[in-house]
Amino acid sequence: MSIISAVRKRAFFLCALIALVSSGIFSACEVNSRSNPTDYEQVIIRLHIRAHSDNTADQDVKLIVRDSIVEFLEPRLAVADGRNDAYRILSRLLNEIETMTDNLLFRNNFTYGSRAGLNNEFFPTRSYEGIIIPSGYYDALIIELGDGIGQNWWCVIYPPLCFVGRGEGSGSIQYRSIIRDLWDRWFG
């Protein structure tokens, strides 16, 4: 393969990636009377799992819940046709999410239950895999474990900027950005 051919291939991939990401983001944008339709607030849906407390056991079970919820939601949100569709899918799954979470808590010997709901809440600026998510009001799937006053875990579940992958050899779950992985693979 010639150098020119390799450069053309990378340039084509970069253009295709930019077009794909742009079309995904712009198709997910929807007009809202209170803000510009290209604001992050109108594009993404967040996931917050709030632990019962900050003690070690409550924080550990929060991570067990996180792994199960992300694994459960990934294929269901992958078929979403835009942000509104993802929100509708989540709305229909709330009872199932709560039941699943309650069962996880029970199997891990926790006597408190959970609450799952969709809320529009203010969140501070956060960085995820080098992507800055500015502060603002975001729709989010909120899962509160027990009193829900402990440290939380968060991710962007739509568009799916996090997903479950197995770490090599350890069997642990890692959360990564699909866009970042593609970028690093071709240009890193």
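Sequential numbering from 1 along the given sequence is applied to the chain's residues. Everything numeric in this text was worked out from a predicted model, so none of it was measured. Keep in mind that the numbers below use all heavy atoms, side chains included, and drop hydrogens, waters and symmetry copies.
- The distance from atom OG of S114 to atom CD1 of I142, rounded to the nearest 0.5 Å, is 13.0 Å.
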Quiz item: Run the side-chain contact (heavy atoms from CB on, under 4.5 Å) check on L47 and W153 step by step: do they pass?
Solution: CA-CA 8 Å; L47 167 64; W153 180 88; 3.7 Å; yes
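- Taking the six-membered ring for Trp and the full ring otherwise, H48 and F123 have centroids separated by under 6.0 Å.
- Using a distance-only test at 3.5 Å, with no hydrogens or angles considered, a donor-acceptor pair links the side chain of T125 to the main chain of S135.
- Between the N55 side chain and the A57 main chain, a donor and an acceptor come within less than 3.5 Å of each other.
- For the pair L77 and A86, the tightest heavy-atom approach, listed with the atom from each and the gap, is CD2-O, 3.8 Å.
- Considering CD of E96 and CG of L73, their distance stands at 9.5 Å, rounded to 0.5 Å.
- Under the 3.5 Å distance criterion, the side-chain polar atoms of E121 are left unmatched by any main-chain donor or acceptor of Y138.
- Looking at heavy atoms from C-beta onward, V61 lies out of side-chain contact with L104 at the 4.5 angstrom threshold.
- With hydrogens and angles ignored, the 3.5 Å screen pairs no side-chain donor or acceptor of D58 with any backbone N or O of D54.
- Cluster membership check: I49 shares its hydrophobic cluster with L118, using side-chain heavy-atom separations under 4.5 Å among Ile, Leu, Val, Met, Phe, Trp and Tyr.
- Side chain of R107 to main chain of D102: no donor-acceptor pair is present (N/O by atom type, distance under 3.5 Å, no hydrogens or angles).
- Interatomic distance, S53 OG to L145 CG, rounded to the nearest 0.5 Å: 10.0 Å.
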Quiz prompt | Intermediate values then yes/no, side-chain contact (heavy atoms from CB on, under 4.5 Å), I133 and W154 | solution = CA-CA 12 Å; I133 308 293; W154 75 276; 4.2 Å; yes
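- The minimum heavy-atom distance between A116 and I143, with the atom names listed, is CB-CG1, 4.3 Å.
- Residues L94 and L141 meet the side-chain proximity criterion, which asks for heavy atoms closer than 4.5 Å.
- Heavy atoms of other residues, nucleotides or ligands lying less than 6.0 angstrom from CG of N95 number 12 at most.
- A distance of 14.5 Å separates CZ in F106 from OH in Y112, rounded to the nearest 0.5 Å.
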Quiz prompt | Evaluation steps, side-chain contact (heavy atoms from CB on, under 4.5 Å), between H52 and I149 | solution = CA-CA 6 Å; H52 175 65; I149 58 173; 6.0 Å; no
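- Nearest approach of R83 to V43, heavy atoms of both residues: CG-O, 3.5 Å.
- Nearest heavy-atom pair, Q59 versus A51, reported as atom, atom and distance to 0.1 Å: NE2-CB, 3.2 Å.
- The shortest distance between side-chain heavy atoms of I69 and M100 falls below 4.5 Å.
- Expressed to the nearest 0.5 Å, how far NZ of K62 lies from CD of E144 amounts to 13.0 Å.
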Practice problem: Decide side-chain contact (heavy atoms from CB on, under 4.5 Å) for R46 and I44; before the verdict, give the C-alpha distance in whole Å, the side-chain angles of both, and the deciding distance to 0.1 Å. | Solution: CA-CA 6 Å; R46 298 170 73 146; I44 70 173; 4.1 Å; yes
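- How far CG of N120 is from CG of D139: 4.5 Å, rounded to the nearest 0.5 Å.
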